[in-house]
Structure formats: structure tokens, C-alpha cells
Amino acid sequence: MKIGELPTWLKAHLVLKTIGIQLAILVGILFVLWGSQKLYSMLDPTKFPTPAPIPENAASLPENEKGKVLLDAITHQMRVELDSPLGWTFNDIIFNRFFFDNRAYRQYGVYHATRFLLDLYSSQIAKLGPSDRESEFLYKARINSFALDPRSFMFPSAEGAYRKGFKLLEQYKASLDKGTGVYNARTDDLYASFVTVTGENLLGYSLGLLENSQEMPFYELDNRIYEVQGICLVLRDFIGTLYELYPEIKAKNNEENMKAAMEYLTRICTYDPLLVTSFFNSGELVVSYLLFAKARLEDIRDSIRI
């Protein structure tokens, strides 16, 4: 008997059975993907709901202690990435950017933001004035260590260079303890910090990465989303710490602005969908979070200038 000669009820039964099998296969694939992601996240975190820890008495710390806390906040996430189970992925032979691209581009974003904030800290905050010299430790760290391309594999490796940079930062912190180092955060430095965060190299750059996201292929879009996540991880630590260290920011009626900005940054820091495509779980949602966070931080920036 040919299929066309089968009874109507049997045809319907075969169609439903075929659809059921296809749905079961699809659900099975999605379950395997979900399970693989969950297993991987047990080894290596893919969501970051908690910012860097801040001392409870942050606002009452001596100025040099505040300098150490702020520097630790800038470098916190990069230390987390370097000390993570899979290490620095971009230049790894096995766990590299081709097989672990989301992780690698998140690390690239962490590097990008850390470098720009270290430049701000060294060239402006950790100086008595514009004509004062930078700390030799901070200068060497940002010029010789953290300026190295994060994709560098050998001679020297990026990971090795960054670890040397962290040793130089520890030497700077020791100089603050000895009284030979300088940390001098003024009101104009607080303003400059928010200008830098909301400017073209950080949040502005992040928005640029996701411009026209609906036209990007999914394999490029998800890399850019996770690069933005890496940037936001560092910015959240920096801004949150700065706010707690200097209550004059809060005194400008910025509690609601800060709470909202941190909430939107945290949404980006915990963004980790099963699949990213140009039309589903696209960059538009992340762009909206960026725009809301940027607007709140710009309000804080402008309040400091007044």
C-alpha cells in the first residue's frame, strides 16, 4: 500500500509521530547544550553577580589606604581571570580563543578596561598635580607590562607580563605604606574618573561594539557581547569602590543613580544566554542596559562638576 492510499487517521498519526520525534531530538540537543554549559560553569564561572569586596569602613580609611583599595578594585577582575582554572585563554594552546571564544573575549574586555583605568590612576590620581612625575612602579607597569597585546603568546607571554605588572603594583602599594609613594584623589579626579568611564574608550567603546548588532553574524556578535561584559565587570568594581571611598559623591543626591547604574551593570555581568543570535538574545538588550547605566553615571558625573 502506498502512503497516498493510507487512511487519513494513519497519515495524521505518522505526521504527529514524526513531529514528536523531531521535537524530542531538538529538546535533547537543547538539554545537552544546557547541561554542558552548567557543567562548564561549575569549573569556570560564566556569570558574575558579585562585585569586588569593599572594606566596611572604606570612607574613613586614611588616604593612602584608599589608594590601595581603589587600585585593587581596578585590577580585581584581571586577577580573577589570570587565576581562574583555565588561565589566560587568548594565548593558550588548548583553551584558546577559538574553542573558548566567549571566555577569551570577556578577558579581552577585562584587559581593555583595566588598562585604561590604570592609565587614569597612574597619570592623574596618583600624582600631586599635572606636572608631578608618575610613580616609577605604576609607570613601568602600565608602559612595560600592561601595554602588551593580550594575544601575545611568546617572548614575552602576555600572562607573564601582566603578572610582572602586578608585582610592580604591589611595590607601589608598599611605597604608600612607607610614605614614599603618592596618592592624591581630588574632586577633579573623581570627576575625571566618571568622564573616563562614560567616555569613548569605555562605555562609549562598548556601545560601538554592539552598533548594528542585528546585522552581525552570531559568531561575531557573541564575541562582542562578552567583550562588553568584561569591560563592565571592571567598571562595576571601579565605580562601586570609588562611590564607597568618597561619600561626597553620595552627598550629591546620587543614591538612586548609583543603585540603578550598578543594577544595569550587574545585568550585563550576569548575561549568559544559552544561545546568541542576531534576532534572539541579540545585542539590543545589552545595548539598552549600557545606555541606562551610562545615563545614570553621566548624571553622577555632572553632579560632581557642579
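Just so we're clear, the structure is a prediction, and the values are computed from it rather than from any experiment.
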Hey, are [X] and [Y] close enough for a salt bridge, meaning a charged N less than 4.0 Å from a carboxylate O?
| X | Y | result |
| --- | --- | --- |
| Lys68 | Glu65 | yes |
| Asp72 | Lys173 | yes |
| Lys250 | Glu244 | no |

Applying side-chain contact (heavy atoms from CB on, under 4.5 Å), run through Leu117 and Leu202 and close with a yes or a no.
CA-CA 9 Å; Leu117 291 179; Leu202 292 174; 4.0 Å; yes
Examine [X] and [Y] and state if one hydrophobic cluster contains both, with Ile, Leu, Val, Met, Phe, Trp and Tyr joined whenever side-chain heavy atoms are less than 4.5 Å apart.
| X | Y | answer |
| --- | --- | --- |
| Phe238 | Leu118 | yes |
| Tyr271 | Leu265 | no |
| Val228 | Val80 | no |
| Ile54 | Leu70 | no |
| Leu291 | Leu235 | yes |

Exercise: do Ser84 and Arg103 side chains pair donor with acceptor under 3.5 Å:
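Their side chains do contain a donor-acceptor pair, which is all the 3.5 Å distance test asks for.
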Is it true that Thr198 and Glu298 share a donor-acceptor pair across their side chains at a distance under 3.5 Å?
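Absent: no donor and acceptor within the cut-off.
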A side-chain contact here means heavy atoms from C-beta on lying under 4.5 Å apart; do [X] and [Y] qualify?
| X | Y | answer |
| --- | --- | --- |
| Met216 | Arg224 | yes |
| Cys232 | Gln229 | no |
| Arg106 | Leu233 | yes |
| Trp88 | Tyr162 | yes |
| Val286 | Ser206 | no |
| Ile304 | Glu248 | no |
| Ile239 | Phe194 | yes |
| Ser303 | Asn253 | no |

Quick one: ring-ring contact (aromatic ring centres under 6.0 Å, His included) pairs with a partner in residues 58-87, sequence neighbours left out?
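Of all non-adjacent pairs touching residues 58-87, none passes ring-ring contact (aromatic ring centres under 6.0 Å, His included).
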In this structure, is the centre-to-centre distance between the rings of Phe146 and Tyr111 below 6.0 Å?
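Centroid separation for Tyr111 and Phe146: 6.0 Å or greater.
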Least distance between heavy atoms, [X] atom then [Y] atom:
| X | Y | answer |
| --- | --- | --- |
| Gly109 | Ile231 | O-CG1, 3.4 Å |
| Ile125 | Ser193 | CD1-OG, 3.8 Å |
| Gly67 | Tyr121 | O-OH, 2.8 Å |
| Gly283 | Leu210 | O-CD1, 4.0 Å |
| Asp272 | Tyr226 | OD1-OH, 2.8 Å |
| Ala113 | Val234 | CB-CB, 3.7 Å |

State which residues pass salt bridge (Lys or Arg N to Asp or Glu O under 4.0 Å) with Lys127; sequence neighbours excluded, sorted by chain then number.
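Lys127 satisfies salt bridge (Lys or Arg N to Asp or Glu O under 4.0 Å) with no residue once adjacent residues are dropped.
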Find the distance between [atom1] ([X]) and [atom2] ([Y]) and round it off to the nearest 0.5 Å.
| X | Y | atom1 | atom2 | value |
| --- | --- | --- | --- | --- |
| Leu128 | Arg186 | CG | CZ | 8.0 Å |
| Ile268 | Leu290 | CD1 | CG | 4.0 Å |
| Leu297 | Tyr243 | CG | OH | 11.5 Å |
| Glu159 | Gln107 | CD | CD | 8.5 Å |
| Arg133 | Leu138 | CZ | CG | 12.5 Å |
| Thr180 | Glu136 | OG1 | CD | 9.0 Å |

So for atom CG, which belongs to Asp83, do other residues, nucleotides or ligands contribute more than 12 heavy atoms lying within a distance under 6.0 Å?
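Result for CG/Asp83: enclosed.
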Can you confirm whether more than 12 heavy atoms, excluding those of Phe292, are under 6.0 Å from its CZ atom?
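Count not over threshold, so no.
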Residues which pass ring pair (Phe, Tyr, Trp, His ring centres under 6.0 Å) with [X], listed by chain and number, not counting sequence neighbours:
| X | answer |
| --- | --- |
| Tyr289 | none |
| His112 | Phe116, Tyr205 |
| Tyr139 | none |

Taking only residues two or more places apart in sequence, or in another chain, which ones meet [X] in a side-chain contact (heavy atoms from CB on, under 4.5 Å)?
| X | result |
| --- | --- |
| Lys66 | Leu61, Glu63, Tyr183, Leu245, Tyr246 |
| Ser131 | none |
| Ala260 | Tyr264, Arg296 |
| Gln124 | Leu120, Asp189, Ala192 |

Could you walk me through whether Arg236 and Cys269 pass side-chain contact (heavy atoms from CB on, under 4.5 Å), step by step?
CA-CA 9 Å; Arg236 183 180 62 168; Cys269 295; 3.9 Å; yes
Taking Ala126's backbone N and O only, do any of them form a donor-acceptor pair with Asn184's side chain (distance below 3.5 Å, no angle check)?
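Judged by distance alone, no pair lies under 3.5 Å.
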Look only at the side chain of Asn64 and the backbone of Leu176, and say whether a donor-acceptor pair between them is shorter than 3.5 Å.
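Indeed, once roles are kept as given, a pair shorter than 3.5 Å links the two residues.
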Hey, mind stepping through Thr114 and Gln77 against side-chain contact (heavy atoms from CB on, under 4.5 Å) and telling me if it holds?
CA-CA 8 Å; Thr114 301; Gln77 194 58 41; 5.8 Å; no
Could you give all pairs that pass the salt bridge (Lys or Arg N to Asp or Glu O under 4.0 Å) test and reach residues 256-266, with sequence neighbours left out?
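Matches after skipping sequence neighbours: Glu263-Arg267.
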Salt bridge (Lys or Arg N to Asp or Glu O under 4.0 Å) contacts touching residues 107-119 (sequence neighbours left out):
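Salt bridge (Lys or Arg N to Asp or Glu O under 4.0 Å) check on residues 107-119 returns Asp119-Arg142.
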Hey, mind stepping through Glu134 and Ser123 against side-chain contact (heavy atoms from CB on, under 4.5 Å) and telling me if it holds?
CA-CA 6 Å; Glu134 289 183 53; Ser123 62; 4.1 Å; yes
Taking only residues two or more places apart in sequence, or in another chain, which ones meet Ser135 in a side-chain hydrogen bond (donor to acceptor under 3.5 Å, both in side chains)?
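For Ser135, no residue satisfies side-chain hydrogen bond (donor to acceptor under 3.5 Å, both in side chains) once neighbours in sequence are set aside.
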Criterion salt bridge (charged side-chain N to carboxylate O under 4.0 Å, His left out) on Arg79 and Glu170, from CA distance to verdict:
CA-CA 13 Å; Arg79 292 177 189 268; Glu170 291 301 316; 3.3 Å; yes
